[in-house]
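The basis for the numbers below is simple: all heavy atoms, side chains too, and nothing from hydrogens, waters or symmetry mates. Both counts, for ligands and for their atoms, begin at 1 and track the order of listing.
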Amino acid sequence: MRHMLNPLDFSVEETNQLLDLATDIMSDPDKYAHVCDRKKIATLFYEPSTRTRLSFETAMLNLGGSVIGFSSSQSSSASKGESVSDTIRVISCFADIAAIRHPKEGAAIVAASKSSIPVINAGDGGHQHPTQTLTDLMTIRTLKGRLDHMTVGLCGDLKFGRTVHSLINALSRYEGIRFVLISPPELRVPDYIKEDVLDPKGIEYKEVVSLDDVIPELDVLYMTRVQRERFFNEEDYLRMKGFYILDARKMKLAKDDMYVLHPLPRVNEITVEVDDDPRAAYFKQVQFGVYVRMALIMTLLGVEKPC
Ligand code: NCD
């Protein structure tokens with residue numbers, strides 16, 4: 001039995017196969033409409049979500065399966081004090097696969113250790129968010145035609161942004177990736193990512209504060225929101241929140257084929273005028289997310305690709 005807790009749980013080859021499957025699903029979704037008939041996914045969301053939960057649910061429904069779950073800890077027995085370990089044992093009796101989001105780092109790992117069904121980490125605190133990363137990889141590969149030899153700018157809250165951590169893990173395995181890490185000094189990428197991933201692999205990266213200075217050199221710009229819920233005080237959040245605003249003026253400085261990604265939700269870090277720019281990829285990204293989650297559910301359930 002396999003889980004998806006960190007993007008590194010799949011080798012580069014397996015990741016590429018999963019993206020190939022997602023691409024095939026995208027080209028002919030009807031072919032996959034019944035491959036998960038009678039299968040159930042449980043979505044266990046202890047933290048707010050719009051895209052991720054509904055994307056998992058849509059993915060399973062598109063495959064012919066069905067959905068159970070909860071969308072807040074208040075509506076589950078967590079509010080009575082039940083542990084994640086006990087909840088996943090119970091859910092293992094009901095569903096074939098589970099996607100879990102939790103505010104605590106490591107919660108999905110704990111769940112997987114007690115689960116008898118595959119567990120997908122749908123975000124654990126400020127740690128990892130592997131299925132957002134699969135979505136990001138699918139978006140980049142589809143729009144740019146490759147995942148190697150490019151300069152990727154990550155901008156905003158690189159400290160608490162779990163999507164950033166997972167994306168760095170995943171992209172670091174492709175040839176010729178260079179990162180430009182754009183953040184205020186207080187929100188830099190945590191040291192453990194530099195020490196465990198970037199430095200040992202000899203990945204080229206630089207840390208900068210100004211987006212204007214580096215935007216012309218980027219092939220992909222990954223914007224993120226400041227993660228208010230992970231700040232210890234509101235004052236710090238308010239100071240950081242307006243730090244980066246991507247607008248039409250900044251987009252003029254960028255390459256003609258520099259795509260802008262964002263895991264969403266957006267707060268104020270991209271102005272709505274950018275939405276009409278053909279390089280804005282963040283709403284397309286949402287659609288790609290459904291296809292990769294369909295591919296992931298099939299892969300973890302061991303469902304064969306239909307002929
Ligand atoms: C992200 C998350 O939950 O980490 N959202 C998402 O799943 N698309 C990013 C965020 O909340 O800022």
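No side-chain N or O of Y259 forms a donor-acceptor pair with one of D219 less than 3.5 Å apart. A side-chain N or O of E57 and one of T43 form a donor-acceptor pair less than 3.5 Å apart. Remark: the N121 side chain and the D124 side chain contain an N/O donor-acceptor pair separated by less than 3.5 Å. Side-chain contact, Y174 with N16: a donor N or O sits under 3.5 Å from an acceptor N or O.
When each atom of ligand 1 is checked for a heavy atom of P265 under 4.0 Å away, the hits are 10 (C), 11 (O).
Within the set H129, R51, Q227, E269, the minimum heavy-atom distance to atom 7 (O) of ligand 1 is found for H129.
Looking at ligand 1, you won't find any N or O of E229 less than 3.5 Å from one of its N or O atoms. Where the criterion is an N or O separation shorter than 3.5 Å, residue side chain and backbone included, L264 meets it with respect to ligand 1. Ligand 1 has no nitrogen or oxygen under 3.5 angstrom from a nitrogen or oxygen of T163.
Looking only at protein heavy atoms, the nearest one to atom 11 (O) of ligand 1 is R225 NH2, 2.8 Å. The protein non-hydrogen atom at the shortest distance from atom 8 (N) of ligand 1 is P263 O, 2.9 Å. Looking at atom 3 (O) of ligand 1, its nearest protein heavy atom turns out to be R162 NH2, 2.9 Å.
No option in V220, T224, L154 other than L154 meets the side chain to side chain contact (heavy atoms under 4.5 Å, CB included) test with L167.
The shortest distance between side-chain heavy atoms of L134 and F288 does not fall below 4.5 Å.
Of all the heavy atoms of E47, none lies under 4.0 Å from any atom of ligand 1, so neither backbone nor side chain is involved.
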(request) Mind running salt bridge (Lys or Arg N to Asp or Glu O under 4.0 Å) on D20 and R141 for me, showing each step along the way? (result) CA-CA 10 Å; D20 290 343; R141 197 179 83 156; 2.9 Å; yes
